[in-house]
Amino acid sequence: MPSREANRLINETSPYLRQHAHNPVDWYPWGEEALSKSKRENKPILLSIGYSACHWCHVMEHESFEDEAIAELMNRNFVNIKVDREERPDLDRIYQSAVQLFIRRGGGWPLTIFLTPDQTPFYGGTYFPPEERYGIPSFERVLRAVAQIYRDKPEDISQTVREVRGAMVQISGEQAKPTGTVSLDPDVVARAATGLSHIFDHTHGGFGGAPKFPSTMALTLFLRHYHQSDDTTYLERVKLTLRKMAEGGIYDQLGGGFHRYSTDAVWLVPHFEKMLYDNGQLVPLYLSVYQITREPFYRRTAEETLRYVLREMVHPEGGFYSTQDADSEGVEGQFFVWTKSEVTAVLGQEEGDLFCRYYDVSGEGNWEGKNILRVADSAERLSQLLNRPTEEIRETLERGRAKLFAEREKRIKPHRDEKILTSWNGLMIQALADAYAVLGEKIYRNAAERAADFVFKNLYRNGRLLRTWKDGEGKLNAYLDDYAYLANALLELYQVTFEPKQLDRAKDLIKTLNDQFWDDEGGGYFFTARDHEPLIARFKSAVDESVPSGNSVAAQALLTLYHLTGERDHLDRAERLLRLFFPNMEDNPSGHGSLLNVLDFYFRKPTEIVLIGDPESPAAEALLREIWQVYMPNRTLIAVEPGAAEALPEPVRGKGQVDGKPTVYVCQNFTCSLPVTTVEEALSLLKG
């Protein structure tokens with residue numbers, strides 16, 4: 001720990017902010033103290049936004065924020081505010097958009113932006129080096145130039161501010177309203193799938209070139225289109241991508257779980273941070289392909305990923321931590337990479353040679369002189385080459401993985417950001433609910449229920465959600481994503497546990513979402529609540545980022561809730577939301593994948609499955625287990641005791657048992673099947 005006196009960030013709970021608590025920079029957290037000081041002294045604000053697992057954020061801290069001379073320049077000319085973008089996505093969204101206006105390309109982190117005392121941005125960028133390089137001016141040069149312009153050319157600042165404010169109104173979507181009568185077209189889903197096919201990488205999977213992201217929303221759209229059209233090329237594209245990812249360096253071959261993204265086009269070299277939200281989204285995708293294909297590879301990848309999450313990312317009381325860093329001991333990827341000599345020292349020469357051959361480990365290395373483990377061969381081919389049984393090869397490789405994992409556990413692990421975010425917990429709760437349904441392992445159900453209980457114990461006060469919790473303190477008003485992701489997850493959890501409290505919780509969250517976030521004039525949900533602190537823009541968007549848009553997840557929750565309860569208001573809001581953003585779906589399908597998936601759910605209408613009987617009974621469990629083995633992207637599932645069906649919505653109301661046995665009804669388009677009581681009959685209805 002540096003000996004210099006701590007700044008104000010020492011009192012924050014965010015690990016990212018606390019990482020900067022001993023910088024010589026006079027940092028403030030975002031809040032009234034800093035904003036008032038800027039106005040009182042007429043000093044511009046230097047706003048720096050990042051997150052704890054961000055490699056280049058660490059680089060800029062070491063190069064600039066720990067430098068005494070740079071800090072003196074910052075302290076003399078600016079009010080310096082540090083923000084964790086995972087705690088304050090509202091600020092990040094606003095100022096990322098502004099920086100993209102300034103630099104005419106994508107933003108990123110660290111975000112470095114200069115604001116007037118009224119919080120309007122007038123200049124910014126991302127990473128600035130200590131000396132000019134990569135064609136980027138040095139941070140010192142930027143600081144001096146911005147300070148001089150603010151002091152000597154206030155008219156230029158005023159002009160920029162006017163232009164930025166005008167542009168921000170357009171970007172934010174705050175005034176977005178349907179233009180005329182918008183007709184929803186179901187064919188846009190197929191057109192979007194066709195359009196995305198043009199940028200699909202048929203060799204390595206995924207979309208486009210480097211850098212390459214998992215793109216779960218687009219892959220989910222491909223699966224839905226396959227399910228509707230029976231065009232197996234879309235299924236094969238998803239299978240190829242998921243296999244290449246799980247065999248690549250983006251996947252942790254020893255410990256399970258996915259890194260953030262690949263810096264190349266072949267999934268070899270990742271940015272090594274692991275994010276809860278990536279793994280929460282990928283697990284359901286692998287499970288879906290397993291449902292369709294029954295190929296163990298996809299099940300195993302989902303199970304290993306969940307094993308990683310439950311091993312590394314769970315608070316003792318059940319909530320899920322946010323991220324693990326890319327760096328350990330100040331070096332990116334050091335925890336994850338190997339030399340050939342390290343491998344053979346652990347495994348011995350014969351077993352080590354086999355392992356190295358399979359996982360692309362060489363003396364020269366495949367990355368900066370070391371090796372990122374990736375699958376470069378097959379057990380079947382090695383079996384032929386070495387004249388050994390395939391199963392023996394697999395057992396040797398599994399033994400090697402276990403030994404190297406145990407050896408790796410002795411290394412200094414990457415830093416873990418232990419703040420617990422409501423929205424990201426929602427994604428993982430939903431993944432665990434899906435895993436329990438498909439795989440039948442109660443460990444997943446228990447983990448999902450514990451996480452949901454954790455959120456409602458620690459991040460729910462007076463009917464309102466909070467955004468973040470750490471070290472016993474929950475704080476910050478929750479955003480659209482927090483309410484939408486958690487409500488959607490609870491609806492999924494309800495449909496696999498049939499616990500009424502999960503449905504009640506989801507309904508309460510949707511009510512608050514409607515009261516606090518809904519745009520009565522234009523439709524759709526704002527990102528911030530009505531009583532949120534005033535900012536220079538109030539965003540309303542359906543564009544996916546690394547996570548699905550809050551509006552799309554909210555729309556899915558509304559439609560699911562409508563089909564579970566029959567309450568018409570949910571359907572009306574969902575339709576209004578879809579109409580509002582439909583032109584965006586047509587114009588930019590790659591940015592609206594999750595909303596297109598919701599549109600598919602809306603048009604094709606879910607198959608409504610009702611089981612009358614005790615869902616915990618062996619006979620009912622057998623029925624439910626087989627029902628969950630069928631890939632059905634559009635479905636709802638309710639299980640109730642005999643006599644309780646009177647409370648259900650039409651057309652499933654009033655259904656009873658046959659001969660006292662657990663009985664299944666399958667309803668579609670307001671028409672229900674005859675009751676069935678056997679697995680074979682139920683599957684025939686679902687697959688027919």
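Looking at Glu351, its side chain never comes within 3.5 Å of a backbone N or O of Arg399 through a donor-acceptor pair. At distances below 3.5 Å, at least one donor-acceptor pair connects side-chain atoms of Tyr485 with backbone N or O atoms of Pro548.
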Note to self: For a ring-ring contact (aromatic ring centres under 6.0 Å, His included) check, start with the C-alpha distance between Phe213 and Tyr261, then their side-chain angles and the critical distance, and finish with the verdict.
What the structure shows: CA-CA 5 Å; Phe213 292 80; Tyr261 64 91; 4.5 Å; yes
Note to self: Apply side chain to side chain donor-acceptor pair (under 3.5 Å) to residues Ser552 and Ser549 and explain how you reach the verdict.
What the structure shows: CA-CA 5 Å; Ser552 67; Ser549 74; 3.0 Å; yes
TODO: Starting from the C-alpha separation in whole Å, work towards a yes-or-no answer on side chain to side chain donor-acceptor pair (under 3.5 Å) for Lys82 and Ser48.
DONE: CA-CA 5 Å; Lys82 176 63 72 172; Ser48 175; 2.6 Å; yes
For this session: Quick one: do Phe320 and His315 satisfy ring-ring contact (aromatic ring centres under 6.0 Å, His included)? Show the steps, please.
Result: CA-CA 6 Å; Phe320 293 103; His315 184 277; over 10 Å; no
Practice task
For the pair Tyr51 and Trp109, evaluate ring-ring contact (aromatic ring centres under 6.0 Å, His included) and give the outcome as yes or no after the intermediate values.
Solution key: CA-CA 8 Å; Tyr51 59 103; Trp109 302 277; 5.7 Å; yes
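The aromatic rings of His225 and Tyr234 lie perpendicular to each other, with more than 60° between the two planes, well past the 30° mark. Using cut-offs of 30° and 60° on the angle between ring planes, the pair Phe128 and Phe139 is parallel. Ring pair Phe454/Trp469 is perpendicular by interplanar angle, where above 60° counts as perpendicular and below 30° as parallel. A perpendicular orientation is assigned to the rings of His20 and Tyr16, their planes being inclined by more than 60° (bins at 30° and 60°).
Under 3.5 Å, the side chains of Asn23 and Trp27 contain a donor-acceptor pair of N or O atoms. Side-chain atoms of Thr323 and Arg416 include no donor-acceptor pair closer than 3.5 Å. Side-chain N/O atoms of Gln324 and Tyr308 include a donor and acceptor closer than 3.5 Å. Using modelled atom types, one finds no donor on one side chain facing an acceptor on the other under 3.5 Å when comparing Lys239 with Tyr298. Glu66 and His22 share no side-chain donor-acceptor pair at under 3.5 Å. Arg411 and Gln334 share no side-chain donor-acceptor pair at under 3.5 Å.
Checked against a 6.0 Å centroid threshold, the rings of Phe258 and Tyr286 count as neighbours.
Using a 4.0 Å cut-off between a side-chain N of Lys or Arg and a carboxylate O of Asp or Glu, Asp84 and Arg18 do not qualify as a salt bridge. For the pair Glu407 and Lys410, the salt-bridge criterion is met [side-chain N within less than 4.0 Å of a carboxylate O]. Of the charged side-chain nitrogens involved, none lies within less than 4.0 Å of a carboxylate oxygen, so that Arg85 and Glu87 do not count as a salt-bridged pair. Under a 4.0 Å N-O distance rule, the pair Asp201/Lys212 qualifies as a salt bridge. One finds a salt bridge joining Arg394 and Glu380 here, because a Lys/Arg side-chain nitrogen approaches an Asp/Glu carboxylate oxygen to under 4.0 Å. Look at Lys370 and Glu342 and you find no salt bridge, because none of the NZ, NE, NH1 or NH2 atoms lies under 4.0 Å from a carboxylate O. Look at Lys457 and Glu317 and you find a salt bridge, because one of the NZ, NE, NH1 or NH2 atoms lies within 4.0 Å of a carboxylate O, short of that distance. Salt bridge annotation for Arg401-Glu395: absent, with no cationic side-chain nitrogen under 4.0 angstrom from a carboxylate oxygen.
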Please list, one pair per line, the donor and acceptor atoms closer than 3.5 Å that link side chains of residues 430-446 to other protein atoms, with sequence neighbours excluded.
unit_1	atom_1	unit_2	atom_2	d
Gln430	OE1	Asn488	ND2	3.4
Arg445	NE	Glu449	OE2	3.2
Asn446	ND2	Lys442	O	3.3

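Judged as a ring pair (Phe, Tyr, Trp, His ring centres under 6.0 Å), the pairs with a partner in residues 325-350 (not counting sequence neighbours) are, in order, His259-Phe336, Phe272-Phe336.
Evaluation of the side-chain contact (heavy atoms from CB on, under 4.5 Å) rule for Pro89 yields Arg467, Tyr479, Phe527 as partners, not counting sequence neighbours.
Of all heavy-atom pairs spanning Arg299 and Tyr290, the tightest one is NH1-OH, 3.3 Å.
Atom CD of Glu350 is surrounded by 12 or fewer heavy atoms from other residues, nucleotides or ligands within 6.0 Å.
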